[in-house]
Amino acid sequence: MSAEAAYKKIFGFPESLKDNPTHYCPGCGHSIAHRLVAECLDEMNLREETIGVPPVGCAVLAYNYFNFDMVEAPHGRALAVATGIKRVHPDKLVLTYQGDGDLAAIGTAETIHAANRGERISTIFINNAIYGMTGGQMAPTTTLGQNATTTPGGRDQRLHGNPIDISQMLAVSNGVVYVERCALTTIKQINRAKKAIKKSFRCQLDDLGFSLVELLSPCPTNWKISPKDAWKWVNEEMVKTYPLGVIKDITGYEDKK
Amino acid sequence: MITRTTFAGFGGQGVLLMGYILSHGAMHKGLNITYFPSYGAEMRGGTANCTVTVSDKKIASPVASNPDVLVAMNGPSLDKFEPTIIKGGLIFLNASLIPEAPSRTDVEYIQVPIVELAKEVGNARGANMVMIGTVCAKTGILSLEETIKGMQAAMKGKDKFFGANEKAIERGFAFAKDGR
Amino acid sequence: MPSEKMLMNGSHVVAEAAVRAGCRYYFGYPITPQNELPEYLSARMPEIGGTFIQGESEIASINMVLGASVAGGRAMTSSSSPGVSLKQEGISYMAGMELPGVIINMMRGGPGLGNIAPSAADYFQATRGGGHGDYRTPVLAPGGSQELADLTFVAFDIADKYRTPVMLLGDGLMGQVMEPVVFPDFINLEDLPKKDWILDGCKGREPRALFSLLLGQDGQLYKHNLHLQEKYDQITANELRWETKTQDEDEMIIVAYGTAARIAESAIEELRAEGLNVGLFRPITLWPYPMAALRELASKVSKVAVFELSMGQMVEDVVLSVGDRAEIHFYGLPGGIIPTPADVADFLRSASRGDGKVGRRIDV
Ligand SMILES: Cc1ncc(C[n+]2csc(CCOP(=O)(O)OP(=O)(O)O)c2C)c(N)n1
Ligand code: SF4
Ligand SMILES: [Mg+2]
């Protein structure tokens with residue numbers, strides 16, 4: 001038996017990622033999410049068939065890392081831009097990768113309407129409950145009591161409103177076929193997230209409708225805690241406001257356990 | 001009189017705080033000042049710098065073409081700003097971190113072993129305080145009392161650090177005087 | 001009483017000045033390099049019984065301003081270039097409905113996201129209306145922190161007096177620079193002239209309605225635009241502001257506003273020592289533009305130099321003002337870098353020699 005046959009490659013650098021040093025902070029969820037998206041595209045052999053739309057947010061430079069076609073959208077407008085792309089290229093995989101401010105504050109209208117039209121698009125939604133890029137202001141998803149630079153003393157329901165569960169809201173729409181929320185902070189959840197991303201891509205390829213995977217993601221820098229504590233906070237606190245699991249699934253796919 | 005000082009180093013070395021201290025001290029003394037920090041993307045890279053202009057006249061530009069004084073807290077900052085300093089200017093070096101021999105002959109270098117001096121007065125985290133002490137003393141912009149006042153104003157509400165910081169600033173002044 | 005001398009960054013200065021000028025309603029959406037402004041007000045407004053809301057977008061924020069204004073409050077929003085683009089729709093409606101309000105733009109480099117370094121590339125947008133329709137927005141361009149404070153007061157006063165949105169046009173550098181500032185005293189809200197057009201419930205009076213849709217067959221929109229123009233003429237007659245720093249021996253003047261003017265002023269100081277005498281003309285209102293004052297000054301020198309943190313926007317107003325009364329030289333730097341006085345000094349030397357090495361001559 002040749003050496004090549006004897007050894008099976010089980011781990012390597014995904015082709016869908018560029019080997020560039022990342023600008024993400026240590027302990028940030030974005031890097032993990034990037035890796036997962038890239039692995040899924042590789043494994044489904046989709047890299048050359050994919051067009052991605054990154055957000056305005058910490059992931060605005062995602063095109064430096066993702067090794068496929070990408071176009072920047074104005075803040076919040078990713079799903080409108082993606083809609084345009086998808087209508088020109090219905091046979092390509094079109095994905096948006098958006099933060100909570102981008103997707104659920106300034107881009108709420110674009111998000112809801114793209115989903116409600118049932119655009120065949122996959123959205124990777126990075127919920128870190130904060131505005132990372134601009135330095136820690138309140139996000140629509142900031143949890144009650146959580147400190148942000150524009151919620152001195154913690155988010156107060158009366159003054160600053162409630163954390164928004166946009167995934168639940170989207171699930172109501174008939175255009176939406178699959179929504180799942182995972183976390184990026186345990187091995188089990190990371191594996192779960194990868195399955196969810198693949199499933200979302202499959203929905204699109206099978207022409208079923210809109211799908212979204214929400215990923216609870218730590219932002220140690222703007223939560224002003226250590227990476228370790230940030231991961232713990234996701235697992236112990238953030239999940240109380242944003243419970244993990246499948247929120248909607250009318251794909252009819254049988255999940256291979 | 002007008003003195004433009006650029007402070008530069010890693011984020012976390014208290015670079016901007018040195019600028020605040022000088023600014024507050026000079027303002028209390030009745031001088032005009034402008035304080036201009038680096039901001040945003042530049043700071044993500046882990047470096048920080050600010051330029052403080054002090055004058056007894058109205059200050060026009062907060063941006064300086066060629067600062068009179070550089071306070072370099074690390075090697076990259078020295079490399080970046082050393083060439084911009086005016087002929088005859090002063091360059092303060094964090095000698096605890098920058099081993100390089102000075103490369104210009106038309107400026108004066110003052111190498112301050114700030115970490116060692118700070119430890120000596122029992123304030124291991126006060127290296128920047130030692131530095132601002134030496135800078136104020138050497139340039140003559142602020143007296144010891146004025147520098148301490150500046151520190152207290154710049155760190156308003158953090159009174160518990162005042163005592164230790166005063167010692168470190170005094171140490172910086174002493175170093176400026178005796179060279180050790 | 002005016003405040004003690006306080007050391008604050010420019011964004012905080014505007015925020016505190018707004019509070020003292022009677023602003024009790026702030027609505028904004030985060031964007032660098034002006035986040036310190038909303039962050040400051042998120043803590044300050046509750047202290048004084050005011051309202052701070054981080055809107056879900058700039059579009060929402062400007063429309064919250066519209067609402068607070070129609071209800072009679074002194075209201076403000078702030079942003080930086082990309083966000084101000086989104087506010088233009090609301091500003092156009094406010095102009096149409098004659099609603100006061102203050103918009104702060106701490107400009108950054110563009111187009112698109114550009115970057116967060118200081119820039120002054122939104123001059124056209126600010127002074128030419130910005131949104132759709134036949135309207136003007138008074139634009140104030142502070143030259144430093146003290147003026148940031150003083151002109152914030154002026155902005156609210158002009159807004160109320162003429163029932164118009166007013167823009168304060170700063171840049172990223174101004175928002176970050178710290179300088180000692182003395183704040184004017186708090187105004188007394190009770191002392192402000194009563195507004196007889198606001199919506200506060202029609203008890204004891206006929207119901208009011210404010211709108212910009214003017215379908216009337218009797219030339220309703222036409223008349224409204226003439227009325228707006230009359231108001232803009234009044235603003236032009238009453239509110240022009242500028243600063244000059246000149247001497248009799250000046251052979252040239254440089255025209256610059258905001259941060260560019262400060263850099264130019266330092267360059268001028270440098271050049272006087274060399275024997276090159278250059279005066280400064282600094283417009284403070286960008287609309288209305290102090291054309292007559294500039295024209296008069298230009299007729300006393302042989303050359304007018306223009307320096308901008310853009311590739312050439314205000315220079316068009318200089319051309320309109322000066323015509324062929326003097327040679328016009330232009331030097332512009334795109335956003336993304338911070339020029340130094342030495343750069344401007346090089347330009348002025350070159351303009352003086354007329355060798356075209358730095359900047360370019362504008363053919364009128
Ligand atoms: C029109 C406009 N408004 C505001 C901004 C400033 N801005 C950049 S990113 C961002 C929000 C980032 O938060 P989020 O979407 O949650 O992404 P994160 O950085 O947390 O991943 C904002 C407000 C902008 N670029 N454009
Ligand atoms: S600021 Fe937060 S979201 Fe942005 S890269 Fe750093 S950790 Fe990640
Ligand atoms: Mg976020």
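Predicted model, so just to flag it, every value in this text is computed and none were measured. Chain identifiers are assigned alphabetically (A, B, ...) following the order of the sequence lines, protein sequences preceding nucleic acid strands; residue numbering begins at 1 within each chain.
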Report the C-alpha separation of His24(B) and Leu7(C) in whole Å, then their side-chain angles, then the decisive distance to 0.1 Å, and conclude whether the side chain to side chain contact (heavy atoms under 4.5 Å, CB included) test is met. CA-CA 7 Å; His24(B) 274 284; Leu7(C) 191 58; 3.6 Å; yes
Does anything in residues 130-149 of chain B get under 4.5 Å of chain C by heavy atoms, and if so which residues? none
With a strict 4.5 Å heavy-atom criterion, list every residue of residues 249-259 of chain C that contacts chain B, or say none. none
Before giving the answer on side chain to side chain contact (heavy atoms under 4.5 Å, CB included), spell out for Gln176(C) and Tyr35(B) the whole-Å C-alpha distance, their side-chain angles and the decisive distance to 0.1 Å. CA-CA 8 Å; Gln176(C) 301 294 324; Tyr35(B) 166 98; over 6 Å; no
For a 4.5 angstrom cut-off between non-hydrogen side-chain atoms, does Tyr20(B) reach Met178(C)? yes
Lys303(C) atom NZ, over 12 foreign heavy atoms within 6.0 Å: yes
For Ala64(B), is it the side chain, the backbone, both, or neither that has a heavy atom closer than 4.5 Å to a heavy atom of chain C? backbone
Return the minimal non-hydrogen interatomic distance between Met27(B) and Lys5(C), and the atom names on each side. CE-O, 3.9 Å
Heavy atoms from other residues, nucleotides or ligands near NZ of Lys29(B) exceed 12 (cutoff 6.0 Å): yes
Taking CZ in Arg125(B) as the centre, count heavy atoms belonging to other residues, nucleotides or ligands within less than 6.0 Å. Is the count above 12? no
Check the surroundings of atom CE in Met1(C): do more than 12 heavy atoms from other residues, nucleotides or ligands lie under 6.0 Å from it? no
Under 4.5 Å between any side-chain heavy atoms of Pro180(C) and Ile33(B), yes or no? yes
Per-residue contacts, residues 172-180 of chain B versus chain C, heavy atoms under 4.5 Å: none
If you look at every heavy atom in Pro341(C) and Val63(B), which pair is closest and at what distance? CD-O, 3.4 Å
Neighbours of chain B found in residues 262-275 of chain C - heavy atoms under 4.5 Å: Arg262(C), Ile263(C), Glu265(C), Ser266(C), Glu269(C), Glu270(C)
Between the main-chain N or O of Ser65(B) and the side-chain N or O of Thr340(C), is there a donor-acceptor pair closer than 3.5 Å? no
Can you tell me if CG on Asp248(C) sees more than 12 non-hydrogen neighbours from other groups inside 6.0 Å? no
